[in-house]
Asks: 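Here you go, one structure.
Chain letters run A, B, ... following the sequence lines, proteins first, then strands; residues in each count from 1.
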Amino acid sequence: MSGPIALVDCNNFYASCERLFQPALRGKPVVVLSNNDGCVIARSNEAKALGVVMGDPWHLVKEKHKANGIIVRSSNYTLYGDLSARVMRTLADFTPDLEIYSIDEAFLSLAGFEGRLDAHARDLRATVVQWTGIPVSVGIAPTKTLAKLANRLAKKDPACGGVLTLATLQAQDAALEKIALTDLWGVAGRLAARLRVIGVNTPLELRDADPKFVREHCSVVMERMVYELRGTPCLDLEDVTPDRKSIMASRSFGRSVTAFRELEEAVATHTARAAEKMRRQNLATASVVVFVHTNKFKPTAPQYYGTREVELPVASADTSKLIGAAMRALASIWRKGFGYSKAGVIFPVLCAAAEATPDLFAAPDSVERKRLMRTVDSLNGRYGRGAITYGTMGRQHGWKLRSDHKSPHYTTDWEQLLKV
DNA sequence: TCTGGGGTCCTAGGACCC
DNA sequence: TCTGGGGTCCTAGGACCC
């Protein structure tokens, strides 16, 4: 499918929903909080102007913001889901090809509307606000990535009136010049840092970079991004919503929990919720995963992340069957205990090596071993991580070389390795 | 005694998004 | 004392197979 793509995004969606049923909130700074009132997940424009930051833990900033007259709401997902469905139904009147991307966003194919894109988008925008009361912004471009960008700029610049079209190269140039790498859809801190290392510092430089070079140093995802920025679509519009590949129900406790009984109860409750969701979507599962982890915001305390998957003989969405599997998974995590450290993973590898080359590994501080480790490091530096690892070949142990990352080559001759 | 190349599958973890 | 919850995709590396 080709032709212009529009991204329609609801403005400050959760805050707008709250306002719809409480008109007194209009024009006031409104903030919506996550489960347990943990952190900020939505802000009205007025709240943004007062400096409320997305994701801030509420208990740390509460006093400051309340002094500014900010109004707080706990989240109400049933309400948001309902209003979302109304918005999406309205959008469906404006195109035959609609992809519901998230609770407050949808991509629309505007093929056939070339020549009157702007007028069509403004009509859409007015209709949505009239029928649902939810204000939206529209970005239009040849690819999803550019449409995302157009939408972002449409929201930011009041002169756009909520609609921006990036149809020409000049318009795309001007838009890309205004933003930073991390403003791109799919680029956050880590990937931006990686791009800077290879000399790509701006969105324009990324668009004009050699796609093969980018793929080599980042990944196929970033290569696609280059093409998308050039106006060549790599991400299709998916107008049929695929079935979920996983369904999760999880909650933080909000305090430390150490009693097994309490974990069991919580896991049973969450499993029941997940099973319900599954039945509502006409799905079933053949495996159940349970995870438990410690409070990552207490870095001085020992950290643990335990996870376990249990398979069912037959796919099911039956609550009691799924809870049974979840209880087995939890018990297994519990038995494994909290002593499963990184050292526990590394140690067996060194054991295997010691069998194969006892003289080398007998003394951990031996000169030979240090030399070998330096050689391994330098080879991995030259050919990329994982170019050389210790592994098995049949019943033998050996060094696995993958200089091209394709065809592994095994050798037990570490003297040979030292010469490389 | 020495010696491979070509795969597939699975899991853990990284990175991102809303 | 209190820091969300729910997803997707990709890669690396080990295990295993012939």
Asks: Answer yes or no: is there an ion pair linking A/Glu264 with A/Arg261, defined by an N-O contact shorter than 4.0 Å?
Replies: yes
Asks: Using only atom types and a distance under 3.5 Å, with no angle test, would you say the side chain of A/His59 pairs donor to acceptor with the backbone of A/Asp37?
Replies: no
Asks: Would you be so kind as to tabulate the donor-acceptor pairs closer than 3.5 Å made by side chains of residues 176-194 of chain A, with sequence neighbours excluded?
Replies:
{"from": "A/Asp183", "atom 1": "OD1", "to": "A/Arg152", "atom 2": "NH2", "distance (Å)": "2.9"}
{"from": "A/Asp183", "atom 1": "OD2", "to": "A/Ala180", "atom 2": "N", "distance (Å)": "3.0"}
{"from": "A/Arg194", "atom 1": "NE", "to": "A/His217", "atom 2": "O", "distance (Å)": "3.3"}

Asks: Assuming nearest nucleotide by heavy-atom distance, tell me which of A/Gly254 and A/Ser219 is located more 5' along DNA chain C.
Replies: A/Gly254
Asks: Going by distance alone, is a donor N or O of one side chain under 3.5 Å from an acceptor N or O of the other, for A/Ser102 and A/Glu105?
Replies: yes
Asks: Is A/Glu223 salt-bridged to A/Arg230, cutoff N-O under 4.0 Å?
Replies: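 Result for this pair is no, no salt bridge flagged.
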Asks: Using whole Å, report how far CZ of A/Phe297 lies from P of C/dT3.
Replies: 8 Å
Asks: Restricting both atoms to N or O, compile the protein contacts to nucleotides 5-7 of chain C shorter than 3.5 Å, with distance only.
Replies:
{"from": "C/dG5", "atom 1": "OP1", "to": "A/Ser252", "atom 2": "N", "distance (Å)": "3.0"}
{"from": "C/dG5", "atom 1": "OP2", "to": "A/Ser252", "atom 2": "N", "distance (Å)": "3.1"}
{"from": "C/dG5", "atom 1": "OP2", "to": "A/Ser252", "atom 2": "OG", "distance (Å)": "2.8"}
{"from": "C/dG5", "atom 1": "O3'", "to": "A/Arg251", "atom 2": "NH1", "distance (Å)": "3.2"}
{"from": "C/dG6", "atom 1": "OP1", "to": "A/Arg273", "atom 2": "NH2", "distance (Å)": "2.9"}
{"from": "C/dG6", "atom 1": "OP2", "to": "A/Ser250", "atom 2": "N", "distance (Å)": "2.4"}
{"from": "C/dG6", "atom 1": "OP2", "to": "A/Ser250", "atom 2": "O", "distance (Å)": "3.0"}
{"from": "C/dG6", "atom 1": "OP2", "to": "A/Ser250", "atom 2": "OG", "distance (Å)": "2.7"}
{"from": "C/dG7", "atom 1": "OP2", "to": "A/Met248", "atom 2": "N", "distance (Å)": "2.4"}

Asks: Please give, in whole Å, the distance from C/dC9 C1' to A/Arg215 CZ?
Replies: 14 Å
Asks: Can you tell me the distance, in whole Å, between the CZ atom of A/Phe253 and the P atom of C/dT3?
Replies: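 Atom CZ in A/Phe253 sits about 13 Å away from atom P in C/dT3.
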Asks: If a pair satisfies salt bridge (charged side-chain N to carboxylate O under 4.0 Å, His left out) and one of its residues is in residues 71-92 of chain A, list it, with sequence neighbours excluded.
Replies: A/Asp82-A/Arg86
Asks: Within the side chain of A/Glu228, is there an N or O that forms a donor-acceptor pair under 3.5 Å with the backbone of A/Thr143?
Replies: no
Asks: Using 30° and 60° as the class boundaries, would you call the ring planes of A/Tyr80 and A/Tyr14 parallel, tilted or perpendicular?
Replies: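 Correct class here is parallel.
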Asks: Taking only residues two or more places apart in sequence or in another chain, which ones pass side chain to side chain donor-acceptor pair (under 3.5 Å) with A/Glu99?
Replies: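 Partners of A/Glu99 by the side chain to side chain donor-acceptor pair (under 3.5 Å) criterion, ordered by chain and then number, come out as A/Lys144.
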Asks: Using Watson-Crick or G-U wobble pairs with both distances under 3.5 Å, give me DNA chain B in dot-bracket, 5' to 3', with [ ] for crossers and | for pairs to another strand.
Replies: ....||||||||||||||
Asks: Which nucleotides of nucleotides 12-18 of chain B have their base under 4.0 Å from a protein heavy atom (B), which only their sugar-phosphate (S), and which neither (-), written as one string 5' to 3'?
Replies: ---SSSS
Asks: Looking at A/Ile140, A/Val8, A/Asp239, which hits side chain to side chain contact (heavy atoms under 4.5 Å, CB included) with A/Leu108?
Replies: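 Of A/Ile140, A/Val8, A/Asp239, side chain to side chain contact (heavy atoms under 4.5 Å, CB included) with A/Leu108 is met by A/Val8 alone.
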Asks: Exactly one of A/Lys48, A/Arg43, A/Glu46 should register a side chain to side chain contact (heavy atoms under 4.5 Å, CB included) with A/Asn12. Which one does?
Replies: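 Only one of A/Lys48, A/Arg43, A/Glu46 forms a side chain to side chain contact (heavy atoms under 4.5 Å, CB included) with A/Asn12, namely A/Lys48.
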Asks: A/Phe291 has an atom CZ; how far is it from atom P of B/dT11, in whole Å?
Replies: 17 Å
Asks: Closer to the 5' end of DNA chain C via nearest nucleotide, is it A/Cys218 or A/Asp243?
Replies: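 Comparing both residues, the 5'-ward one is A/Asp243.
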